[in-house]
Amino acid sequence: MWVSDADVAALRPALAKAAAASGFDVSVSPAGLSRRGRRLIVMDVDSTLIRDEVIELLAAHAGCAEAVREVTEAAMRGEVDFAESLRSRVRLLAGLPVGVLDEVRAAVQLTPGARTLVATLRDLGLSIGVVSGGFIEIVGPLAAELGITYAHANSLEVADGRLTGRVAGPIVDRAAKAAKLREWARAEGLPLARTIAIGDGANDLDMLADAGLGIAFNAKPAVRESADTALNLPYLDAVLFLLGLSREEVEDAAAARASAD
């Protein structure tokens with residue numbers, strides 16, 4: 001629907017509330033030339049770009065998967081402080097051999113449509129970043145494999161070939177995620193109005209609010225209700241349609257990529 005002279009500030013929360021209550025997806029975004037041109041897309045990783053929560057995969061190797069899962073779910077709902085919850089979960093990983101990180105990297109599953117989304121965005125010349133409350137040891141190689149320019153996440157402290165149970169450096173919380181969105185936008189010479197953020201948990205709320213378009217992807221209820229857009233489909237490449245691309249354009253880009261390969 002094309003709507004003229006709408007109060008976007010009022011329309012977005014009203015539609016988001018109705019969408020959350022009724023189970024449909026909704027997006028409110030500007031029409032016209034602003035839907036084209038250069039943009040920066042920044043994504044969360046765990047349960048957004050990938051189907052997994054990496055810390056739960058690590059916890060399975062440490063024999064504490066259920067305990068970690070409960071804390072992770074509470075943190076993503078915003079019920080507990082993220083930084084403290086992360087420290088408590090990472091402490092349970094103390095003693096794991098560093099080689100476990102390679103096993104977890106191999107086990108990570110991309111969200112359906114993730115590879116298509118990233119490849120199409122790259123074809124269009126758009127800038128892409130991932131920012132995660134997870135771990136750079138997993139996020140970094142994944143971003144490199146997909147051709148994603150920017151990546152930022154927590155770092156696990158290692159000593160004598162084993163995890164110490166501590167995070168090295170500042171924790172990537174919701175404020176840090178929003179700060180990276182702003183930093184990368186400046187690096188690209190883009191205003192925040194030309195940025196798009198995608199995430200699912202409470203840790204993503206600030207970056208979703210700061211972005212020109214915030215997309216809650218299969219998100220927790222509080223995140224769905226506060227974001228500009230809610231997507232409750234299992235396919236991440238549905239984001240492309242919110243950027244104004246038609247199915248034909250997406251299919252043409254995929255065909256051109258296959259032909260080039």
Side-chain angles (χ1 to χ4, degrees), residues 42-112 114-115 118 128-177 179-180 198-204 207 217-220 223 236:
V42 177
M43 289 179 274
D44 174 43
V45 177
D46 292 23
S47 298
T48 300
L49 181 66
I50 65 175
R51 296 168 61 181
D52 314 279
E53 291 287 335
V54 166
I55 196 163
E56 293 177 9
L57 297 180
L58 289 168
H61 288 271
C64 56
E66 188 58 35
V68 165
R69 184 178 300 110
E70 290 176 1
V71 179
T72 298
E73 290 176 354
M76 291 303 96
R77 291 192 299 266
E79 297 171 357
V80 296
D81 177 72
F82 178 81
E84 186 49 44
S85 77
L86 182 66
R87 290 189 186 97
S88 69
R89 286 175 287 165
V90 170
R91 278 196 292 271
L92 298 174
L93 306 180
L96 279 179
V98 71
V100 164
L101 295 171
D102 293 329
E103 296 180 43
V104 169
R105 274 195 294 266
V108 161
Q109 303 177 79
L110 288 172
T111 297
R115 199 175 293 277
V118 172
I128 314 168
V130 287
V131 60
S132 175
F135 308 108
I136 196 65
E137 293 83 359
I138 308 300
V139 172
L142 179 63
E145 175 196 338
L146 294 173
I148 293 172
T149 304
Y150 300 105
H152 183 64
N154 296 299
S155 181
L156 291 165
E157 186 180 83
V158 176
D160 300 322
R162 293 185 177 274
L163 303 187
T164 66
R166 292 187 292 271
V167 177
I171 285 178
V172 180
D173 58 10
R174 58 192 283 180
K177 285 189 168 190
K180 278 296 170 185
I198 310 168
D200 74 299
N203 206 30
D204 301 312
M207 103 173 155
F217 179 72
N218 292 320
K220 309 303 181 287
V223 182
L236 192 57

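- Here the straight-line distance linking atom CD of E70 with atom OG of S85 works out to 13.0 Å at 0.5 Å rounding.
- What you find for A202 and A75 is that their closest heavy atoms are CB-O, 3.9 Å.
- Taking CG of L58 as the reference point, atom CD of E137 lies at 9.0 Å (rounded to 0.5 Å).
- A heavy-atom distance below 4.5 Å is found between the side chains of L163 and V158.
- In this structure, R51 places its CZ atom where only 12 or fewer heavy-atom neighbours from other residues, nucleotides or ligands lie under 6.0 Å away.
- A heavy-atom distance below 4.5 Å is not found between the side chains of D46 and M76.
- The side chain to side chain contact (heavy atoms under 4.5 Å, CB included) test applied to S88 returns V71, R91, not counting sequence neighbours.
- In this structure, NZ on K180 lies 13.0 Å from CE on M207, to the nearest 0.5 angstrom.
- Counting heavy atoms from C-beta on, the side chains of V131 and Y150 never come closer than 4.5 Å.
- If you run side chain to side chain contact (heavy atoms under 4.5 Å, CB included) between V54 and each of L142, I138, V139, only I138 comes through.
- From E79, atom CD reaches atom NZ of K220 across 11.0 Å, with rounding to the nearest 0.5 Å.
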*asked:* Walk me through whether R115 and E145 qualify under salt bridge (Lys or Arg N to Asp or Glu O under 4.0 Å).
replied: CA-CA 10 Å; R115 199 175 293 277; E145 175 196 338; 3.3 Å; yes
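- Between A143 and A151 the shortest heavy-atom distance is CB-CB, 3.9 Å.
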_From CA spacing to verdict: side-chain contact (heavy atoms from CB on, under 4.5 Å), L156, L101_ = CA-CA 10 Å; L156 291 165; L101 295 171; 3.9 Å; yes
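- Going from atom CG of L93 over to atom NE2 of H61 covers 10.5 Å, rounded to the nearest 0.5 Å.
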*Going through the checks in order, is the side-chain contact (heavy atoms from CB on, under 4.5 Å) test met by V45 and I50?*
CA-CA 6 Å; V45 177; I50 65 175; 4.0 Å; yes
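- A donor-acceptor distance shorter than 3.5 angstrom exists from the side chain of D52 to the backbone of Q109, with no hydrogens or angles considered.
- Here the side chains of L146 and L49 are in contact, with some heavy-atom distance below 4.5 Å.
- Across all non-hydrogen atoms, the minimal contact from V108 to L57 is CG2-CD1, 4.1 Å.
- Between the OG1 atom of T48 and the CZ atom of F217 there is a distance of 7.0 Å, given to the nearest 0.5 Å.
- Tested against L86, the residues N154, D173, N203, V172 include a single side chain to side chain contact (heavy atoms under 4.5 Å, CB included) partner, N154.
- Of all heavy-atom pairs spanning C64 and L92, the tightest one is SG-CB, 3.7 Å.
- Applying the salt bridge (Lys or Arg N to Asp or Glu O under 4.0 Å) test to pairs two or more places apart or on separate chains, those with a residue in residues 158-169 are E157-R166.
- Between I171 and F82 the shortest side-chain heavy-atom distance falls below 4.5 Å.
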